[in-house]
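Below: one structure, written as structure tokens.
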There are 2 protein chains.
Amino acid sequence: MSCVSTLKAKGLKLTPQRMMIVDIIHDAKEHLTADEIIRHIQANMPGVNKSTVYRTLSLLEQYGCVYKSELSEELIYHHDEVGHHHHLMCSRCGNIIKCDEDLFIPLKNLLMEKYGFDANFKHIVMSGFCEKCKNNN
Amino acid sequence: MSCVSTLKAKGLKLTPQRMMIVDIIHDAKEHLTADEIIRHIQANMPGVNKSTVYRTLSLLEQYGCVYKSELSEELIYHHDEVGHHHHLMCSRCGNIIKCDEDLFIPLKNLLMEKYGFDANFKHIVMSGFCEKCKNNN
DNA sequence: TTTATAATTGCAACCAGGTGCAATAACAAT
DNA sequence: ATTGTTATTGCACCTGGTTGCAATTATAAA
């Protein structure tokens with residue numbers, strides 16, 4: 001079900017601002033920060049307020065139309081189809097290790113089995129200590 | 001190694017503000033929000049600035065003396081020994097399911113094996129859709 | 001097409017947390 | 001005990017994100 005029909009089915013209004021935000025996320029090749037989305041929309045529709053954007057994003061997230069994740073401290077928004085990956089961030093040195101996403105599959109399956117919970121494993125950032133910092137306390 | 005000797009070993013200064021913040025976290029039975037820590041310290045040492053608190057917390061986190069985690073949108077700080085648990089938060093309805101921490105052990109071990117990464121699995125919040133919301137799109 | 005109504009917007013004010021900088025204080029060396 | 005160095009503090013300001021509210025607008029019903 002497309003974003004637009006999902007919203008419609010819920011009795012939510014298809015305002016020009018919303019349509020534009022949906023389009024921006026759909027068209028994006030990569031994930032976007034909220035700020036990038038705000039700049040994009042204000043280029044086309046000057047005067048659109050940032051609170052409108054944030055409210056729309058959280059609405060779309062609630063209805064499964066976009067995914068919000070965090071990437072080294074900053075929140076990013078992305079559409080389902082966009083490629084995703086996981087990160088391990090060191091609390092000491094701040095370095096980020098890219099992480100094979102397959103490692104998370106067993107956990108995802110387990111959460112589904114035990115709790116019926118459909119975890120968002122599109123972008124994960126785990127914090128902890130990297131090899132170097134761990135040994136160099 | 002205690003927090004105090006860790007700081008000392010790194011050539012960091014043991015200011016009264018820092019000592020007090022360390023004490024507060026040590027004495028806490030539960031995890032604390034940054035705000036609670038700020039209120040605590042300002043009760044004993046009026047005039048201590050919130051930026052000092054935030055800077056001290058991130059310093060302590062870097063050196064493994066406290067753990068920062070997120071609990072349904074708010075950041076919490078806690079000492080190693082404090083009991084911990086995981087949560088599954090629904091992006092639609094906001095409900096939080098408590099989650100058995102053992103489920104994360106295989107993943108933790110895998111990350112250690114493959115990347116030498118010591119993941120902080122003290123408090124995890126996973127987002128996704130709960131059983132009810134998942135089926136009620 | 002007009003009207004009613006409920007959802008949505010923009011605004012302004014707010015919140016948690018972070019940052020650059022000059023003043024201060026902890027600690028080491030004398 | 002005094003001094004010098006360097007880390008740390010408090011301050012003022014900034015940032016991303018949120019909220020209450022009055023004005024506006026999409027949509028359904030008449």
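Naming: A, B, ... by sequence-line order, numbering from 1 per chain.
Note: CG (Asn49(A)) to P (dG16(D)) measures 14 Å, nearest angstrom. Rounded to an integer number of Å, the gap from Leu57(B) CG to dG17(C) P is 9 Å. One interatomic measurement links the two molecules: CD1 of Ile38(A) to P of dT18(D), which rounds to 10 Å at whole-angstrom precision. Per the geometry, CD belonging to Gln62(A) stands 11 Å off P belonging to dT8(C), to the nearest Å. Rounded to whole angstrom, the span from the CZ atom of Arg55(B) across to the P atom of dT19(C) amounts to 9 Å. Counting to the nearest Å, the C1' atom of dA26(C) and the CE atom of Met20(B) are 18 Å from each other. Distance, Leu59(A) CG to dA6(C) P: 19 Å, rounded to whole Å. When rounded to the nearest whole Å, the span between CD of Gln17(A) and P of dT25(D) equals 9 Å.
Listed for the Lys68(B) side chain is no donor-acceptor partner under 3.5 Å among the backbone atoms of Glu61(B). A donor-acceptor contact shorter than 3.5 Å links the side chain of Glu36(A) to the backbone of Thr33(A).
The Ser51(B) side chain lies nearest to dC11(D) when the options are dG17(C), dC11(D), dA26(C). Nearest nucleotide to the side chain of Tyr54(A), out of dT8(D), dT18(D), dA12(D): dT18(D).
Nearest heavy-atom pair, Phe104(A) versus His86(A), reported as atom, atom and distance to 0.1 Å: CD1-CD2, 3.3 Å. Of all heavy-atom pairs between Ile24(B) and Ile37(B), the closest is CD1-O, 4.2 Å. Residues Phe129(B) and Gln62(A) share a closest heavy-atom pair of CE2-O, 3.5 Å.
Judged by closest nucleotide on DNA chain C, Arg18(A) is the one of Leu12(B) and Arg18(A) placed further toward the 5' end. Mapped onto DNA chain C by nearest heavy atom, Gly47(A) and Leu14(B) fall at different nucleotides, with Gly47(A) at the one closer to the 5' end.
For Thr15(A) and dT8(C), the shortest distance from a side-chain N or O to OP1 or OP2 is not below 4.0 Å.
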Can you pull every protein N or O that's under 3.5 Å from an N or O on nucleotides 28-30 of chain D?
none

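The residues Lys108(A) and Asp118(A) are annotated as salt-bridged, a charged nitrogen and a carboxylate oxygen being separated by less than 4.0 angstrom.
Defining each end axis of the helix from dT1(C)-dA30(D) to dT30(C)-dA1(D) as the rotation carrying four pairs' C1' atoms onto the next four, with five pairs an end, the two axes are found to diverge by 20° to 10 degrees.
The structure places CE of Met19(A) at 12.0 Å from OG1 of Thr56(A), a figure rounded to the nearest 0.5 Å. Arg18(A) contributes atom CZ, which lies 11.0 Å from atom CG of Leu57(A) (distance to the nearest 0.5 angstrom).
With hydrogens and angles left out, the side chain of Lys50(A) and the base of dG17(D) share a donor-acceptor pair within 3.5 Å.
Hydrophobic clustering, with ILVMFWY side chains joined whenever heavy atoms are under 4.5 angstrom apart, keeps Ile105(A) apart from Tyr67(A).
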